[in-house]
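Each ligand, and each atom within it, is numbered from 1 in the order the structure gives.
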Amino acid sequence: MKILVVDALQYAQVAVDAVMEHILSTHVPEVIGFATGTTTPPVYELLARRAADDRAVKKKIDTLSVFNVDEYLGVAPGNPGTCLSRMKDQLYRHIDPKKVICFRSDASDPEKDSLRVMEEIDMAGGLGLQILGIGGDGHIGFNDPDMPWELETAVVSFSDSSRVGKAGFWGGVENVPKQGVTLGVKGIMNARSLMLLARGESKAEIVCAALEGPVTTGVPASVLQLHPFVTVVLDRAAAAGLKRRNS
Ligand code: GLP
(Lines give C-alpha, C1' and ligand atoms only; values in the text may rest on other atoms or scores of the structure.)
Protein backbone atom coordinates (compact mmCIF):
# COMPACT_ATOMS: atom_id res chain seq x y z
CA MET A 1 0.00 0.00 0.00
CA LYS A 2 1.36 3.38 -1.02
CA ILE A 3 0.22 6.19 1.29
CA LEU A 4 0.74 9.74 0.01
CA VAL A 5 0.27 12.48 2.59
CA VAL A 6 0.12 15.97 1.11
CA ASP A 7 -0.85 19.56 1.93
CA ALA A 8 -4.55 20.20 1.45
CA LEU A 9 -3.80 22.50 -1.50
CA GLN A 10 -1.88 19.79 -3.34
CA TYR A 11 -4.34 17.03 -2.63
CA ALA A 12 -6.29 17.14 -5.91
CA GLN A 13 -3.13 17.51 -7.97
CA VAL A 14 -1.41 14.52 -6.35
CA ALA A 15 -4.55 12.40 -6.73
CA VAL A 16 -4.90 13.36 -10.41
CA ASP A 17 -1.18 12.63 -11.01
CA ALA A 18 -1.71 9.16 -9.55
CA VAL A 19 -4.84 8.60 -11.68
CA MET A 20 -2.97 9.80 -14.77
CA GLU A 21 -0.02 7.55 -14.01
CA HIS A 22 -2.41 4.61 -13.99
CA ILE A 23 -4.33 5.68 -17.09
CA LEU A 24 -1.25 6.43 -19.18
CA SER A 25 0.39 3.14 -18.26
CA THR A 26 -2.50 0.91 -19.41
CA HIS A 27 -2.26 -0.44 -22.90
CA VAL A 28 -5.49 -2.39 -22.93
CA PRO A 29 -9.07 -1.12 -22.84
CA GLU A 30 -10.33 -1.02 -19.28
CA VAL A 31 -12.81 0.57 -16.93
CA ILE A 32 -12.09 3.29 -14.39
CA GLY A 33 -14.50 3.31 -11.46
CA PHE A 34 -15.42 6.58 -9.73
CA ALA A 35 -17.11 7.41 -6.42
CA THR A 36 -19.25 10.38 -5.51
CA GLY A 37 -19.18 12.25 -2.18
CA THR A 38 -17.60 15.50 -1.06
CA THR A 39 -13.98 14.33 -1.23
CA THR A 40 -13.71 13.49 -4.88
CA PRO A 41 -15.17 16.50 -6.82
CA PRO A 42 -11.97 18.63 -6.74
CA VAL A 43 -10.09 15.65 -8.16
CA TYR A 44 -12.61 15.25 -10.98
CA GLU A 45 -12.55 18.98 -11.72
CA LEU A 46 -8.78 18.89 -12.16
CA LEU A 47 -8.93 15.67 -14.18
CA ALA A 48 -11.42 17.30 -16.55
CA ARG A 49 -9.15 20.35 -16.84
CA ARG A 50 -6.14 18.14 -17.63
CA ALA A 51 -8.14 16.39 -20.34
CA ALA A 52 -9.19 19.76 -21.79
CA ASP A 53 -5.64 21.13 -21.78
CA ASP A 54 -3.71 18.10 -22.98
CA ARG A 55 -4.73 16.32 -26.19
CA ALA A 56 -2.72 13.20 -25.34
CA VAL A 57 -4.49 12.86 -22.00
CA LYS A 58 -7.88 13.40 -23.62
CA LYS A 59 -7.15 10.85 -26.35
CA LYS A 60 -6.21 8.29 -23.74
CA ILE A 61 -9.23 8.99 -21.51
CA ASP A 62 -11.48 8.64 -24.55
CA THR A 63 -10.39 5.00 -24.89
CA LEU A 64 -11.60 4.17 -21.38
CA SER A 65 -14.99 3.22 -20.05
CA VAL A 66 -16.19 4.77 -16.81
CA PHE A 67 -18.25 3.32 -14.01
CA ASN A 68 -19.94 4.57 -10.83
CA VAL A 69 -19.23 2.39 -7.79
CA ASP A 70 -22.73 2.87 -6.39
CA GLU A 71 -26.16 4.31 -7.14
CA TYR A 72 -29.39 5.14 -5.36
CA LEU A 73 -32.50 3.14 -6.22
CA GLY A 74 -36.12 4.11 -6.77
CA VAL A 75 -35.36 7.43 -8.49
CA ALA A 76 -35.19 8.51 -12.13
CA PRO A 77 -31.64 8.50 -13.55
CA GLY A 78 -32.00 12.20 -14.40
CA ASN A 79 -32.70 13.16 -10.77
CA PRO A 80 -29.86 15.52 -9.76
CA GLY A 81 -29.28 13.50 -6.58
CA THR A 82 -28.28 10.30 -8.37
CA CYS A 83 -24.62 9.35 -8.50
CA LEU A 84 -24.87 9.26 -12.30
CA SER A 85 -26.18 12.84 -12.48
CA ARG A 86 -23.43 14.03 -10.16
CA MET A 87 -20.68 12.19 -12.03
CA LYS A 88 -22.00 13.52 -15.35
CA ASP A 89 -21.93 17.00 -13.97
CA GLN A 90 -18.52 16.73 -12.31
CA LEU A 91 -16.67 14.71 -14.94
CA TYR A 92 -18.36 12.74 -17.68
CA ARG A 93 -19.76 15.72 -19.59
CA HIS A 94 -16.27 17.23 -19.69
CA ILE A 95 -14.60 14.16 -21.16
CA ASP A 96 -15.76 11.72 -23.79
CA PRO A 97 -15.42 8.23 -22.37
CA LYS A 98 -15.93 5.24 -24.63
CA LYS A 99 -18.79 3.97 -22.48
CA VAL A 100 -20.54 5.02 -19.27
CA ILE A 101 -21.39 1.91 -17.27
CA CYS A 102 -23.80 2.44 -14.40
CA PHE A 103 -26.32 0.73 -12.19
CA ARG A 104 -29.78 1.92 -13.26
CA SER A 105 -31.37 3.92 -10.45
CA ASP A 106 -34.83 3.04 -11.85
CA ALA A 107 -34.15 -0.67 -12.37
CA SER A 108 -37.25 -2.78 -11.69
CA ASP A 109 -34.96 -5.72 -10.82
CA PRO A 110 -31.72 -4.27 -9.36
CA GLU A 111 -30.17 -7.73 -8.82
CA LYS A 112 -30.60 -8.55 -12.51
CA ASP A 113 -29.38 -5.08 -13.48
CA SER A 114 -26.24 -5.69 -11.38
CA LEU A 115 -25.46 -8.78 -13.45
CA ARG A 116 -25.72 -6.66 -16.60
CA VAL A 117 -23.33 -4.11 -15.08
CA MET A 118 -20.77 -6.79 -14.18
CA GLU A 119 -20.98 -8.22 -17.70
CA GLU A 120 -20.49 -4.79 -19.24
CA ILE A 121 -17.44 -4.20 -17.04
CA ASP A 122 -15.96 -7.54 -18.13
CA MET A 123 -16.62 -6.82 -21.79
CA ALA A 124 -14.99 -3.40 -21.47
CA GLY A 125 -11.75 -4.96 -20.18
CA GLY A 126 -12.44 -5.24 -16.46
CA LEU A 127 -12.06 -2.74 -13.68
CA GLY A 128 -8.51 -1.37 -13.94
CA LEU A 129 -8.77 1.26 -11.23
CA GLN A 130 -11.51 1.90 -8.68
CA ILE A 131 -11.38 5.27 -6.94
CA LEU A 132 -12.98 5.28 -3.48
CA GLY A 133 -13.88 7.69 -0.73
CA ILE A 134 -14.37 6.56 2.85
CA GLY A 135 -17.41 7.26 4.99
CA GLY A 136 -17.08 8.32 8.63
CA ASP A 137 -17.99 4.75 9.65
CA GLY A 138 -15.50 3.23 7.21
CA HIS A 139 -17.97 2.46 4.42
CA ILE A 140 -16.75 2.19 0.84
CA GLY A 141 -19.28 2.57 -1.96
CA PHE A 142 -22.50 1.69 -0.15
CA ASN A 143 -20.84 -1.17 1.75
CA ASP A 144 -21.79 -0.34 5.31
CA PRO A 145 -20.14 -1.85 8.41
CA ASP A 146 -20.86 -5.54 8.95
CA MET A 147 -22.11 -6.22 5.45
CA PRO A 148 -20.72 -9.51 4.08
CA TRP A 149 -17.55 -9.20 2.03
CA GLU A 150 -18.17 -12.01 -0.43
CA LEU A 151 -20.63 -10.11 -2.64
CA GLU A 152 -19.64 -8.78 -6.06
CA THR A 153 -22.58 -6.40 -5.97
CA ALA A 154 -25.17 -5.69 -3.30
CA VAL A 155 -28.58 -4.09 -3.00
CA VAL A 156 -28.59 -2.17 0.26
CA SER A 157 -31.41 -0.89 2.46
CA PHE A 158 -30.02 2.20 4.17
CA SER A 159 -30.20 2.49 7.94
CA ASP A 160 -31.70 5.67 9.40
CA SER A 161 -28.24 6.95 10.37
CA SER A 162 -26.90 6.21 6.90
CA ARG A 163 -29.77 8.22 5.37
CA VAL A 164 -29.02 11.11 7.71
CA GLY A 165 -25.42 11.04 6.43
CA LYS A 166 -26.66 11.29 2.83
CA ALA A 167 -29.22 14.04 3.48
CA GLY A 168 -26.95 16.81 2.21
CA PHE A 169 -27.09 15.45 -1.32
CA TRP A 170 -30.88 15.24 -1.30
CA GLY A 171 -32.02 18.48 0.33
CA GLY A 172 -33.16 16.75 3.53
CA VAL A 173 -33.27 13.26 5.00
CA GLU A 174 -36.91 12.79 3.97
CA ASN A 175 -35.83 12.87 0.31
CA VAL A 176 -33.02 10.30 0.62
CA PRO A 177 -33.94 7.10 -1.22
CA LYS A 178 -34.38 4.08 1.03
CA GLN A 179 -32.19 1.76 -1.01
CA GLY A 180 -29.08 1.75 -3.12
CA VAL A 181 -26.95 -0.65 -5.12
CA THR A 182 -23.20 -0.94 -4.91
CA LEU A 183 -20.19 -2.80 -6.13
CA GLY A 184 -19.67 -5.17 -3.21
CA VAL A 185 -16.43 -5.60 -1.31
CA LYS A 186 -15.54 -8.61 -3.47
CA GLY A 187 -16.22 -6.59 -6.62
CA ILE A 188 -14.06 -3.74 -5.31
CA MET A 189 -11.25 -6.14 -4.43
CA ASN A 190 -11.38 -7.56 -7.98
CA ALA A 191 -10.27 -4.21 -9.42
CA ARG A 192 -6.65 -4.39 -10.55
CA SER A 193 -5.80 -1.20 -8.62
CA LEU A 194 -7.55 0.82 -5.96
CA MET A 195 -7.22 4.42 -4.90
CA LEU A 196 -8.59 5.71 -1.59
CA LEU A 197 -9.05 9.45 -1.14
CA ALA A 198 -9.70 11.20 2.17
CA ARG A 199 -9.27 14.67 3.47
CA GLY A 200 -10.08 16.66 6.60
CA GLU A 201 -9.69 15.98 10.30
CA SER A 202 -13.12 14.38 10.54
CA LYS A 203 -11.65 11.41 8.64
CA ALA A 204 -8.45 11.04 10.74
CA GLU A 205 -9.80 8.44 13.15
CA ILE A 206 -11.49 6.22 10.56
CA VAL A 207 -8.51 6.45 8.17
CA CYS A 208 -6.26 5.21 10.98
CA ALA A 209 -8.67 2.38 11.84
CA ALA A 210 -8.98 1.36 8.19
CA LEU A 211 -5.30 1.44 7.30
CA GLU A 212 -3.61 0.45 10.54
CA GLY A 213 -6.30 -1.29 12.59
CA PRO A 214 -7.51 -4.87 12.35
CA VAL A 215 -9.00 -6.07 9.08
CA THR A 216 -12.65 -6.45 10.01
CA THR A 217 -16.09 -6.25 8.41
CA GLY A 218 -16.84 -3.67 11.13
CA VAL A 219 -14.61 -1.26 9.12
CA PRO A 220 -15.26 -2.08 5.45
CA ALA A 221 -12.33 0.04 4.20
CA SER A 222 -9.92 -2.11 6.25
CA VAL A 223 -10.25 -4.73 3.49
CA LEU A 224 -7.95 -2.52 1.41
CA GLN A 225 -5.05 -3.78 3.55
CA LEU A 226 -5.48 -7.09 1.70
CA HIS A 227 -5.26 -5.66 -1.84
CA PRO A 228 -1.84 -5.73 -3.56
CA PHE A 229 -2.12 -2.41 -5.44
CA VAL A 230 -3.60 0.40 -3.38
CA THR A 231 -2.68 4.07 -3.47
CA VAL A 232 -4.03 6.24 -0.66
CA VAL A 233 -4.00 10.02 -1.00
CA LEU A 234 -4.60 11.93 2.23
CA ASP A 235 -4.25 15.51 3.28
CA ARG A 236 -2.29 16.05 6.48
CA ALA A 237 -5.44 16.42 8.59
CA ALA A 238 -6.86 13.06 7.46
CA ALA A 239 -3.46 11.41 8.00
CA ALA A 240 -2.95 12.86 11.48
CA GLY A 241 -3.45 9.54 13.30
CA LEU A 242 -1.25 7.36 11.07
CA LYS A 243 2.06 5.93 12.19
CA ARG A 244 3.15 4.67 8.78
CA ARG A 245 3.43 6.71 5.56
CA ASN A 246 5.50 6.88 2.39
CA SER A 247 5.94 10.62 2.09
C1 GLP B 1 -20.99 8.23 -0.08
C2 GLP B 1 -20.63 7.43 -1.33
C3 GLP B 1 -19.32 6.72 -1.13
C4 GLP B 1 -18.29 7.70 -0.65
C5 GLP B 1 -18.68 8.31 0.66
C6 GLP B 1 -17.66 9.29 1.20
O7 GLP B 1 -21.54 7.41 0.87
N8 GLP B 1 -21.63 6.46 -1.63
O9 GLP B 1 -18.92 6.14 -2.36
O10 GLP B 1 -17.07 7.04 -0.48
O11 GLP B 1 -19.91 8.96 0.45
O12 GLP B 1 -18.22 10.55 1.26
P13 GLP B 1 -17.42 11.89 1.46
O14 GLP B 1 -16.40 11.97 0.36
O15 GLP B 1 -18.45 12.94 1.32
O16 GLP B 1 -16.81 11.84 2.80
Output the list of atoms in ligand 1 that are nearer than 4.0 Å to some heavy atom of [X], sorted by atom number.
{"X": "H139", "result": "1 (C), 5 (C), 7 (O), 11 (O)"}
{"X": "T39", "result": "13 (P), 14 (O), 16 (O)"}
{"X": "K203", "result": "13 (P), 16 (O)"}

- Given G37, G141, G133, A35, which has its nearest heavy atom closest to atom 3 (C) of ligand 1?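 Nearest option to atom 3 (C) of ligand 1, by heavy atoms: G141.
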
- Look at atom 6 (C) of ligand 1 and find which of T38, I134, I131, L196 reaches it with the closest heavy atom.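 The option holding the nearest heavy atom is I134.
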
- Query: Y72 and F103: aromatic ring centres closer than 6.0 Å?
  - Reply: no

- Task: Have a look at E71 and tell me which of P110, P77, P177, C83 forms a side chain to side chain contact (heavy atoms under 4.5 Å, CB included) with it.
- Result: C83

- Contact list for residues 36-64, test ring pair (Phe, Tyr, Trp, His ring centres under 6.0 Å), sequence neighbours left out: F34-Y44

- Item | Short N-O contact, D62 and R55, less than 4.0 angstrom |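 A salt bridge is absent here (no side-chain N lies under 4.0 Å from a carboxylate O).
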
- Query: Do the charged groups of D113 and R116 touch, with an N to O distance under 4.0 Å?
  - Reply: yes

- Task: May I ask you to check if ligand 1 and D70 share an N or O to N or O distance below 3.5 Å?
- Result: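 In this structure, D70 places an N or O atom under 3.5 Å from an N or O of ligand 1.
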
- Protein contact of atom 4 (C) of ligand 1 - nearest heavy atom, named by residue and atom, plus distance: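 Result: T36 O, 3.5 Å.
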
- Query: Roughly how far, to the nearest 0.5 Å, is CD1 of I131 from OG1 of T39?
  - Reply: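 Answer for the OG1-CD1 pair, T39 versus I131, is 12.0 Å.
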
